[in-house]
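Notes follow the structure.
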Protein chains: 2
Amino acid sequence: MSDNLPKLEKQTDLSAAIAERIRQDILSGALVADDRLPSESELSETHGVSRATVREALKRLAAQSLIRTKRGATGGAFVHRQSFEDAYTQMASNATLLITLNEVDITTACEARFALERGCVRLAAKHRQDHHLDKMRAEITRQKDPELSDEAFCASDVAFHRALVDAAGNPVLSWQLAAAVEGIEPLMNMLTYRQRDRDAVISLHEAMVEALEARVGARLEILMDYLRDQTLRTALS
Amino acid sequence: MSDNLPKLEKQTDLSAAIAERIRQDILSGALVADDRLPSESELSETHGVSRATVREALKRLAAQSLIRTKRGATGGAFVHRQSFEDAYTQMASNATLLITLNEVDITTACEARFALERGCVRLAAKHRQDHHLDKMRAEITRQKDPELSDEAFCASDVAFHRALVDAAGNPVLSWQLAAAVEGIEPLMNMLTYRQRDRDAVISLHEAMVEALEARVGARLEILMDYLRDQTLRTALS
DNA sequence: GGCAAGTCAAATGTCTGACAATTTACCAAA
DNA sequence: TTTGGTAAATTGTCAGACATTTGACTTGCC
């Protein structure tokens, strides 16, 4: 385990220091997924602090999804193998927080989103499968409903683009991009789409599905650029 | 504050429930950046739990950089305005964790990294300033040193690409991409570059700086593709 | 032998009350 | 005016207790 004596932890706050020690043990591979940590009592002894302090440290790690705890006889704290779902959720909330707390303007956010997404359309063209197309077409059908609220339209838009990213068949990519898109959603929700705007977006979506079906990455890139410009126009009007 | 009585929290674990309540207050805007939360004693009264439990809840929030605490007379817990630096650090460690714990293979990681980066080179070409070019050229000079360890070479590579991304002039983009690149670094560090590989990478870097200086985004995209292929060849050899 | 119920032990979750450490505000004296 | 010291508020830490959960073990019955 960690019998190191780092100097950083003299800056008070034992619970943070201990959390960091255990964290390093996990990051360094000394503890691997599903390993069980010593019990709270043992940890309090080995680290020379009270159980309350150990618990605060463990809560910090739990908040980062580094460990999970289970009660009972065979319980304890276990190194948590973070799923893509977990990571995605955490990143999305992280992104949301960052964007709302720092008052990022919608132009910057849009620019970032479309730039990232543009980067993966070639992979999507290469690896897309039929069910991705089906999903996207289903969302387009929803988007055509003139009764749809702006918010629901936006949600469908997110779903459409998530399917596009998933089509790239790369989980790391899906995870990063989905989080980015979702983080920007609060901003996008503030947009009001006129019917003309919606029609323009839907036309582009339809063209994108066609290009994806035909596996023409270059065309997808161009369409993404159009979509970005269209969205920015909507935002600034 | 939150005098709601959500049903979810009957699933035991009061500290998580209370953390979630406060978290919602922050996310919903009831508490804004730099607001001071009630003291631990007050919170324990209003939520009807002990101070220890409140503290565990606060540690969870602190671990997510949602709050920061200060001791002393005017101390307390304050809603933390997460800086881009904070978010970047958190995302990078998140990415590292996900990739190491889930044994993502280097092909997938590389593919994702270059796909994302490719998406922002056009913006970089548009907004780059001279100091970006300077930084990149400096890194190229470092990379030419044949004494450089593989790890140092890789670190310089990360710095080079970070400068490229920064050139896009979009903080959201910088933040997302820098985190992604850094998260993948542990995997890249496992690569061993032969001198021939390094020369190839350096040539591409030089060409990229030229293209960036001339603001030719399309050429940058092509070079990125070459670089991706080159890196994958190195990885698979 | 096999099954069911009860018991026990280990571990996390929570509470209580205390003390330590830190920081600011305030007040008094030089 | 400045300096120093004291008090108060607040987080950080500790020790010990009890509650709750859960799996393993034991016992007794069929």
Side-chain angles (χ1 to χ4, degrees), chain A residues 1 5-23 25-26 31 34-80, chain B residues 1 5-23 25-26 31 34-80:
Chain A
M1 222 58 73
L5 47 161
K7 43 292 248 186
L8 39 139
E9 63 184 76
K10 53 170 76 132
Q11 302 281 66
T12 61
D13 221 339
L14 285 175
S15 75
I18 291 178
E20 187 52 29
R21 279 201 227 169
I22 299 175
R23 190 166 187 283
D25 286 337
I26 296 176
L31 291 168
D34 298 325
D35 272 2
R36 202 201 130 188
L37 274 65
S39 73
E40 296 176 352
S41 315
E42 288 175 288
L43 284 173
S44 72
E45 276 189 18
T46 60
H47 290 90
V49 298
S50 74
R51 202 182 138 216
T53 304
V54 167
R55 280 184 62 77
E56 288 180 8
L58 292 180
K59 293 308 167 209
R60 296 181 114 107
L61 298 176
Q64 298 175 339
S65 297
L66 271 166
I67 61 171
R68 72 194 124 79
T69 56
K70 210 183 70 165
R71 295 173 77 165
T74 61
F78 298 83
V79 177
H80 184 55
Chain B
M1 221 63 69
L5 47 160
K7 45 291 239 185
L8 39 139
E9 62 183 78
K10 56 170 74 133
Q11 302 278 68
T12 62
D13 220 339
L14 285 174
S15 75
I18 292 178
E20 186 54 27
R21 281 201 225 167
I22 299 176
R23 189 166 188 283
D25 286 337
I26 296 175
L31 291 168
D34 298 324
D35 272 3
R36 199 200 137 197
L37 273 64
S39 74
E40 296 176 353
S41 315
E42 289 176 288
L43 284 174
S44 71
E45 275 188 19
T46 59
H47 290 89
V49 298
S50 74
R51 203 185 136 214
T53 303
V54 167
R55 280 183 62 78
E56 288 181 5
L58 292 180
K59 293 309 165 209
R60 298 182 112 108
L61 298 176
Q64 300 176 0
S65 295
L66 272 165
I67 61 171
R68 70 193 126 80
T69 56
K70 210 183 68 165
R71 294 171 80 164
T74 60
F78 299 83
V79 177
H80 184 57

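Below, chains carry the letters A, B, ... as their sequence lines are ordered, and counting in each starts from 1.
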Distance-only criterion, 3.5 Å: show the donor-acceptor pairs between side-chain atoms of residues 57-65 of chain B and protein atoms not counting sequence neighbours.
residue	atom	partner	partner atom	Å
B:R60	NH1	B:S15	OG	2.8
B:Q64	OE1	B:R23	NE	3.3
B:Q64	NE2	A:A63	O	3.4
B:S65	OG	B:Q90	OE1	3.4

What's the spacing between B:D13 CG and A:R71 CZ if we round to 0.5 Å? 8.0 Å
Sorted by chain and number, sequence neighbours left out, salt bridge (Lys or Arg N to Asp or Glu O under 4.0 Å) with B:R68 holds for B:D34
Can you give one letter per nucleotide of nucleotides 2-16 of chain D, going 5' to 3': B for a protein heavy atom under 4.0 Å from the base, S for sugar-phosphate only, - for none? -------BBBBBB--
Using the side-chain hydrogen bond (donor to acceptor under 3.5 Å, both in side chains) criterion, which residues pair with A:E45? Sequence neighbours excluded. none
Quick one: how far along DNA chain C does chain A reach, first to last nucleotide 5' to 3', anything under 4.0 Å to a heavy atom? C:dA10 to C:dT14
Which residues pass the salt bridge (Lys or Arg N to Asp or Glu O under 4.0 Å) test with A:R36, sequence neighbours left out? none
Which of A:V54, A:T46, A:L43 passes side-chain contact (heavy atoms from CB on, under 4.5 Å) with A:P38? It is A:L43
Heavy-atom side-chain proximity of A:D25 to A:V79 below 4.5 angstrom: no
